[in-house]
Amino acid sequence: MYFWIIWSVLIILILFYFYIYLLKVKIEILEEKIIVLFNERTNWIPSLYETTKNSFVKHHQVFNKILQLKKYHFSETNWNQKLPEIIWTQELIHNEINFIFKVSNKHPKLMKSWKFLYMRDIFLNKSSELWKNIELYKQIIAKFNFLLKLKNISILWLIIPMRKKYL
């Protein structure tokens with residue numbers, strides 16, 4: 001009788017750990033996808049710079065901050081920083097992109113340019129896809145951290161150590 005109880009508890013613990021491990025793998029895949037999407041969006045900044053070059057009076061001043069952030073972003077991805085630092089930089093880049101588009105919307109010449117409109121749509125699509133993935137990432141991390149708390153209550157924390165994920 002006790003033999004079956006011990007085996008059933010052991011099987012439940014193994015399945016529980018396997019589920020946590022699958023969540024961890026899913027988080028890592030989603031982190032890679034988010035970083036790739038950030039890089040894709042950041043790679044479009046020079047195109048936006050060239051497209052708006054003849055339209056702005058103080059073009060260099062408008063793009064100065066975003067170009068500095070772009071350099072910083074590529075330097076931090078070369079050093080394999082963690083996702084929260086990359087997200088912080090990308091939020092600053094996102095704010096600068098919003099500023100550039102607000103300035104651009106006041107130029108009728110740009111609003112008629114199909115190149116600019118195409119780029120604006122690309123930025124909007126990339127940004128919406130990014131923030132959807134980040135929201136999914138936050139939900140999965142919340143579930144992962146909750147399950148880690150449950151794991152730490154059981155004896156599994158002695159056998160298999162895992163750390164919380166943060167955003």
Side-chain angles (χ1 to χ4, degrees), residues 19-149 151-152 161-167:
Y19 183 69
I20 291 175
Y21 178 75
L22 287 177
L23 275 178
K24 184 178 179 183
V25 169
K26 189 173 184 177
I27 288 171
E28 291 170 358
I29 290 171
L30 200 53
E31 283 177 350
E32 291 175 13
K33 184 178 179 182
I34 288 170
I35 290 171
V36 166
L37 286 170
F38 277 141
N39 288 335
E40 287 177 0
R41 186 180 72 172
T42 306
N43 286 336
W44 279 95
I45 292 173
S47 300
L48 183 63
Y49 180 85
E50 288 299 320
T51 303
T52 60
K53 195 173 197 176
N54 297 329
S55 300
F56 294 147
V57 176
K58 297 180 180 181
H59 191 263
H60 183 68
Q61 289 178 350
V62 172
F63 278 88
N64 188 25
K65 177 109 175 162
I66 198 167
L67 293 176
Q68 289 173 354
L69 289 170
K70 182 180 180 289
K71 283 181 192 176
Y72 181 74
H73 168 70
F74 283 117
S75 68
E76 75 183 6
T77 54
N78 289 336
W79 292 101
N80 293 327
Q81 290 209 354
K82 302 203 186 247
L83 190 62
E85 290 89 9
I86 294 173
I87 287 177
W88 178 77
T89 306
Q90 286 295 325
E91 284 178 350
L92 294 175
I93 289 175
H94 181 74
N95 291 337
E96 287 299 313
I97 289 172
N98 284 342
F99 169 72
I100 290 170
F101 283 128
K102 285 179 184 177
V103 171
S104 300
N105 285 336
K106 295 183 180 181
H107 287 82
K109 183 179 177 184
L110 270 178
M111 295 311 292
K112 293 178 183 175
S113 170
W114 64 271
K115 290 179 187 178
F116 173 75
L117 294 175
Y118 177 69
M119 268 191 279
R120 185 182 65 182
D121 289 341
I122 288 173
F123 275 101
L124 289 174
N125 289 337
K126 292 286 181 199
S127 293
S128 67
E129 186 177 354
L130 268 168
W131 300 119
K132 284 179 188 176
N133 283 323
I134 288 174
E135 288 301 318
L136 177 64
Y137 180 76
K138 287 179 182 178
Q139 292 172 358
I140 293 173
I141 281 188
K143 181 187 281 186
F144 179 77
N145 288 337
F146 175 74
L147 291 175
L148 278 183
K149 284 181 186 176
K151 179 192 77 77
N152 290 340
M162 281 190 182
R163 296 189 184 266
K164 281 186 172 184
K165 293 278 187 173
Y166 297 101
L167 182 65

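Below, each value reflects all heavy atoms present in this structure, side chains not excepted, and no hydrogens, waters or symmetry copies. In this chain, numbering begins with 1 at the start of the sequence shown.
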- Task: Output the distance between atom CG (N145) and atom CD1 (I141), rounded to the nearest 0.5 Å.
- Result: 6.5 Å
- For the atom pair CD1 (I87) and CD1 (I93), what is the distance rounded to the nearest 0.5 Å? 12.5 Å
- Query: Hey, do the aromatic rings of F101 and F116 have their centres closer than 6.0 Å?
  - Reply: yes
- Task: Compare every heavy atom of N125 with every heavy atom of S128, then report the nearest pair and how far apart it is.
- Result: OG-O, 3.0 Å
- Note on the structure: Separation between CD1 (I45) and OG1 (T42), nearest 0.5 Å, reads 5.0 Å
- Output the distance between atom NZ (K24) and atom CZ (F144), rounded to the nearest 0.5 Å. 6.0 Å
- Can you find a pair of side-chain heavy atoms, one from F63 and one from L48, that are under 4.5 Å apart? yes
- How far apart are the C-alpha atoms of R120 and N105, what are their side-chain angles, what is the distance that settles it, and do they pass the side chain to side chain contact (heavy atoms under 4.5 Å, CB included) test? CA-CA 10 Å; R120 185 182 65 182; N105 285 336; 3.8 Å; yes
- Check against side chain to side chain contact (heavy atoms under 4.5 Å, CB included), F38 and T89: CA-CA 10 Å; F38 277 141; T89 306; over 6 Å; no
- Message: W44: which residues meet the ring-ring contact (aromatic ring centres under 6.0 Å, His included) condition with it, sequence neighbours left out?
- Response: none
- Message: side chain to side chain contact (heavy atoms under 4.5 Å, CB included), that's the test. Do W131 and H94 meet it? Break it down for me.
- Response: CA-CA 11 Å; W131 300 119; H94 181 74; 3.7 Å; yes
- Query: Got a second to check how far R41's CZ is from L124's CG, nearest 0.5 Å?
  - Reply: 10.5 Å
- Hey, mind stepping through Y19 and K143 against side chain to side chain contact (heavy atoms under 4.5 Å, CB included) and telling me if it holds? CA-CA 11 Å; Y19 183 69; K143 181 187 281 186; 3.5 Å; yes
- Task: Could you tell me whether the side chain of I140 reaches within less than 4.5 Å of the side chain of Y137, counting heavy atoms only?
- Result: no
- Message: Please find the pair of heavy atoms, one from L117 and one from M111, that lie closest to each other, and give the distance.
- Response: CD1-O, 3.5 Å
- Query: Which pair of non-hydrogen atoms, one from L130 and one from I34, has the smallest distance, and what is that distance?
  - Reply: CD2-O, 3.7 Å
- Item | Separation of T51 OG1 from Y118 OH (nearest 0.5 Å) | 11.5 Å
